[in-house]
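Here's the structure, in C-alpha cells; my notes come after.
The first residue of the sequence shown is numbered 1, and numbering continues consecutively from there.
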Amino acid sequence: PPTVRPQKPSIETGPVKNKEEINTAVSSIPKLRTERRANKPLGHNVDAPKVATPKEQAMEFIEGIHNNNWSGDMVCARFHSMPKKAYKHLRIIDINQTLALIRKIERTIRSSRKPMPTSDTLLQMTRVYEVSIKAGIVPDQYTYQELIAINTDLMNFDRAHALLEEMIERGIKPTIRPYRTLLKGYSMVASEIESARTLWQSIKTKVSSNAIAADDESTDQLAKLDLSTYTCIVAAECNVGNFARVLDILEEMDGAGVLTDIVLRNTVLGGIVKHKGHDSGIREVKLMVDSGFIPNSYTYYLLIQSAISEDRIDDMKILLAESVKRGIAPSVKLIRKLPLTPHEILDIVTQNGVGIDMVRVYNPLIGLTMRKNSFNEALRLIGHMRAHKIEPNTVTYSHLLDALSKGKRLNEAKAIYREAFGANRKLLPDAHILGIMIDACARAGDIHGLFWHKKDMGRCGLAPTEVIYNIILSALARWQHDNLDAIISTLDEIMEANPPIQPSTRTLNAVYAAFAAKAAKSGRLEPNELQCLRMWYNKSHSIAVYVPRDMYTYTLVIEAFASARCLEDALFVYSDMVNHAENDASVLRNFVRSPKCMAKVIFACAKNQQYTKVLELWRDWRKLGIPEHEESLRMVLFACDQLGRSTAARNIVFGLLTPPPLREDARDSLKAESAEKDEDKDSLAHGYQPDIVSGSVLALFIGIAIKHGMVDQIMPVLNLWRPKSAQASRPTLSLANFRGSQKTRQDTNQRLSSDDVAQILALLQKKKNDGASKATTEFLMFVEDNFPEAVPV
C-alpha cells in the first residue's frame, strides 16, 4: 500500500495533520517493554517452546478439543501438525470430536447464509478419517454418522450410501439416525425419489427385523419409526407432487400411533403450493386449522410467497395483515421478498399489529434500505420511528453504522455515533457497534479515531476481543508499516491479555508484511523488531496461541529475514515450509509463484559465502518449479566458481540453452567432458530457459570456463546462445547443425557489449596456449558475424 494516505477527521480532535499527532494517537497502547529481549536466531532461541513427545502432543490435542473453544480450522491444523506416532495415542471418541468440530464449520457458515466451503470440509474430514484408520483406530457408529452427514450435505449420495454399507459390514449396528440423514438428503432432490423410496422400504424392513438399534442406548426398547423419519419421506413425495402416496403415509402414521405436528403439515403445504398453486394452499391451511393446528410464521411465509409468485398482491396484503393480527411479525427473509415499499409494510403492520415489537419490524427495513445505499430513506424510517414514539435500539444503529462504514461515509457514521452513544449516552454501545466503528476507522486510515473507539470500549466496561485486535493490527500494518513500534506494542498487549487473545492468520500475515516491507526498504530490522518477529513466529505455534500458517505466512517471514540479512532465520523458516508441504502442498503455492523470495535467500547465502547452500537452493528451485531468474543464475554460477565446480556451471548453462529434442545430440558432441561424472549434472541442470541467459551471464560463464581450463566449451555455448537469425544464416563452428524449433528470444537480451568482449579476450590472452589461441580466433569470428559493433578497436 502507499506510504502516504489522507487522514480522516477524528471524533474529538479534528483532522490528523502530521506524523507527530499520529504517534500521539497510539499513546493509549502500552509502551514497549524496557527489559532486554533475547536476540538469538530461530532454532537457538531460549524462549522457543520445547518439542514435546508424540504422546504429550496427543494429550495436548485431546485436552484442546474437549475442554477448549477451538475452531474447526484450528482443530484441523493441529491434528495434521502432530507427528505420525502421536495418532496411536488418540481414542475413537477423540476422532469423533475432531470430525464434529470440523463439520461445525459447515453448519455455522450455512446458518449465516454465506458461501459454504463444504468441499474443503469434506476433504478435511476424509483426511482425518484416513489417518485414524492407518493409526489402527477402529471407527464406531458416531464416526460414520459424521461422515455420512457431510457427504449427504454435499449431495454425494453414492459415497454416503457406501459408508452406510461399510458400517454394517464392520459389524456396527446403526441407529436410525444415519438412515434418516440420507433419506433427508434424497428428499431435497426430485431426481432421487426412487432412491428415497428404496431406502424407505429398507428402513421399514430393518426396523421390523431389529437390524436398527434404538437411539437411546440406555434403554432396552426396540427402534421405531419416529416423526422425523416420516417427515423426511413425506417431504420426498411432496417434492415430486405424489400426494396420493402422502395420504398413504399419513394413514400409516395414524396406524402406528405417530402424531403429526405443524412441521409435517407445513411440509405438505409447501408441496401443495408448489404443484397445485395458491388456492389449494389456502384450502390446505383451512384443513389444518380445522384439525387444531395454529399456522405459524413459516405457514404464512409459504402462502405469501405463493401469492407473490402468482402476482396476487391483494391476497398477499391480506395474508400479511392476518399474520400480524396473530402476533406474527414479518421475518427478515419475508420482508426482502415483499414487493412493497417500507412505508407500505409499516402501514399494514401498524394498522393490524397488536403487541408486536415494532422495533423488530423497523430494523430489517432499515437494514434493507441501507443495503441498497438508500441513506435518506433510512433516515426517514428513523424519523417515522420517533414520530410513533418508538426508540431505536442498538440493532437499529448497528444497521446504520455498518452500512455507512461499507459505503465509506465515516463522517456521517461518527455523527450518528455521537448522537446515540455520546456524552449523554442514551444507549450503551455494545462490542458489535464499537467493532463496526473501529473497522470503519481502519478502512479509512483514521488511526486516531480507531484508538479513540478502542479507549471508549474501556469506558463502557468492554474488553477488546480477538476481532478488535485483528482489525487494529491489520490497520497499523496497512497504514503505518514504517512505524513498527505501534505494531509491537499492540502485540505485547495481546501477550498480556487474560484470557489469551489469538490473532487470526490473516492478521499475522499483515504484521509479517509490515516487517518484510521495512526490511526490504532499509535492509535491516532493529534488534527489538527482529526479536518480535522471531518470538511471534515461534509463539504462533505454541500451546497458548496456535495460529495456522498458510502460503503467505512463510513467504512474508522468509522475505523479512532475508532482507534483514538474517540468513539462519530465513533458512529455518524455509525448512519449516518444506516440512509443512509434505502434509499440505498448498503452503508452497505463493512461494513458487514468483522467484523474488527464493532469490533473496540465495543472495543472502552468497553474501555470507555459503556457496554450498546456494547450490542446494538451486536444486530446490527446479523441484519446486519456480520461474527462472537471471540475477539468481548469476549467483549460482558465481557459487560454482568459488567451489571449483566448473562442470556444474557448464551443465546449468547448457541445460538452459539446449532445446529438449537436441539435448542428446549435444551431449554426444561433448564426449570428452561426459567421461567426467559430476554428481550435479542431473540435480543442478534446469530445463530449456534461454531467455534468462543474457550477454552478461554468458560472459560470466565464459570467464569461469577460461579460469578452470574449459576453453573448448566456449564455442559450443556461443552457438547455442547465438540469436535465431544468425543460426539460420551461418553454420556452427564446433557443433553439428541443430534441428528443431527454439523459443524466440528478445533482441535486447541477446547482446554482447564491447566491455564483455574485451574482458573475454584479455582472459584468453593470459592462457598462452594453442587451445586459447584457437578459441580467440573463433570467438572474434563469432563477434564479427553477430555483433560487429562490439568488436574492440
Quiz item: Which distance, rounded to the nearest 0.5 Å, do you find between the CZ of Phe591 and the NZ of Lys596?
Solution: 12.5 Å
Self-check item: Interatomic distance, Ser563 atom OG to Ile558 atom CD1 [nearest 0.5 angstrom]
Solution: 11.5 Å
Exercise. Tell me, with the steps shown, if Glu630 and Ser696 meet side-chain contact (heavy atoms from CB on, under 4.5 Å).
Key: CA-CA 10 Å; Glu630 181 181 331; Ser696 59; 3.9 Å; yes
Practice problem: Using the ring of Tyr552 (Phe, Tyr or Trp, six-membered ring only), decide whether Arg506 places NZ or CZ under 6.0 Å from its centre and within 45 degrees of its axis. | Solution: no
Practice problem: Would you please classify the geometry between the Tyr554 ring and the His580 ring as parallel, tilted or perpendicular, with 30° and 60° separating the classes? | Solution: perpendicular
Quiz item: How are the rings of Trp721 and Phe782 set to each other: parallel, tilted or perpendicular (split at 30° and 60°)?
Solution: tilted
Quiz prompt | Residues Glu631, Arg634; criterion salt bridge (Lys or Arg N to Asp or Glu O under 4.0 Å); working and verdict | solution = CA-CA 5 Å; Glu631 296 297 327; Arg634 285 198 184 96; 2.5 Å; yes
Quiz item: If we only count heavy atoms from C-beta on, is the Ile494 to Trp536 side-chain gap below 4.5 Å?
Solution: yes
Self-check item: Minimum heavy-atom distance between Pro627 and Val592, given as atom pair plus value
Solution: CD-O, 3.2 Å
Exercise. Determine the minimum heavy-atom distance between Gly644 and His708, stating which atoms define it.
Key: CA-CE1, 3.9 Å
Practice problem: Rounded to the nearest 0.5 Å, what's the gap from CD1 on Ile488 to CG on Leu533? Could you check? | Solution: 9.0 Å
Quiz item: What pair of heavy atoms forms the shortest contact from Ala570 to Ala562, and how long is it?
Solution: CB-N, 4.1 Å
Quiz item: Can you name the nearest heavy-atom pair linking Pro54 to Ala86, along with the distance?
Solution: O-CB, 3.2 Å
Exercise. List the steps, then state whether ring pair (Phe, Tyr, Trp, His ring centres under 6.0 Å) holds for Phe638 with Tyr611.
Key: CA-CA 8 Å; Phe638 178 72; Tyr611 303 118; 5.8 Å; yes
Quiz item: Are side-chain heavy atoms of Arg593 and Met551 found at a separation under 4.5 Å?
Solution: yes
Quiz prompt | Minimum side-chain heavy-atom gap Phe779-Leu718 below 4.5 Å | solution = yes
Self-check item: Backbone of Leu571 reached by a side-chain donor or acceptor of Ser575 within 3.5 Å
Solution: no
Exercise. Please examine the side chains of Tyr87 and Lys134, heavy atoms only from C-beta on, and report whether any two atoms are closer than 4.5 Å.
Key: no
Practice problem: Give the C-alpha distance, both sets of side-chain angles, the deciding distance and a yes or no for side-chain contact (heavy atoms from CB on, under 4.5 Å) between Tyr537 and Arg549. | Solution: CA-CA 10 Å; Tyr537 181 79; Arg549 295 169 180 166; 3.3 Å; yes
Exercise. Drop me the distance from Met598's CE to Trp618's CH2, to the nearest 0.5 angstrom.
Key: 10.0 Å
Quiz item: Taking Ser132 for the side chain and Tyr129 for the main chain, is one N or O donor matched with an acceptor at less than 3.5 Å?
Solution: yes
Self-check item: Closest contact, heavy atoms only, Leu615 versus Cys640
Solution: CD2-SG, 3.7 Å
Quiz item: So, Thr553 and Asp550: side-chain donor and acceptor under 3.5 Å apart, yes or no?
Solution: yes
Quiz item: Do the side chains of Asn528 and Asp485 get nearer than 4.5 Å, heavy atoms only?
Solution: yes
Quiz item: If only atom types and distance count, is the side chain of Thr505 paired as donor or acceptor with the main-chain N or O of Pro548 below 3.5 Å?
Solution: yes
Self-check item: Atom of Pro503, atom of Leu508 and distance for their closest heavy-atom approach
Solution: CB-CG, 4.1 Å
Quiz item: Is the closest basic N to carboxylate O distance between Glu616 and Lys613 below 4.0 Å?
Solution: yes
Exercise. Side-chain contact test, heavy atoms from C-beta onward, threshold under 4.5 Å: evaluate it for Val697 versus Ile692 and give yes or no.
Key: no
Self-check item: Nearest-0.5 Å distance that lies between atom CG in Leu588 and atom CD1 in Ile626
Solution: 8.5 Å
Quiz item: Between Val614 and Leu617, is any pair of side-chain heavy atoms under 4.5 Å apart?
Solution: no
Practice problem: Calculate, to the nearest 0.5 Å, the distance between atoms CE and SG belonging to Met635 and Cys605 respectively. | Solution: 11.0 Å
Quiz prompt | Main-chain N/O of Ser504 paired with Asn470 side-chain donor or acceptor, under 3.5 Å | solution = yes
Quiz item: Leu556 and Asn509: side-chain contact (heavy atoms from CB on, under 4.5 Å), yes or no, with the steps?
Solution: CA-CA 7 Å; Leu556 293 169; Asn509 286 348; 4.1 Å; yes
Exercise. Would you confirm whether Tyr512, through its side chain, and Thr555, through its main-chain N or O, come within 3.5 Å as a donor-acceptor pair?
Key: no
Practice problem: List the steps and the verdict of side-chain contact (heavy atoms from CB on, under 4.5 Å) for Leu530 and Phe515. | Solution: CA-CA 9 Å; Leu530 196 58; Phe515 279 91; over 6 Å; no
Quiz prompt | Any side-chain heavy-atom pair of Ile714 and Leu764 under 4.5 Å | solution = yes
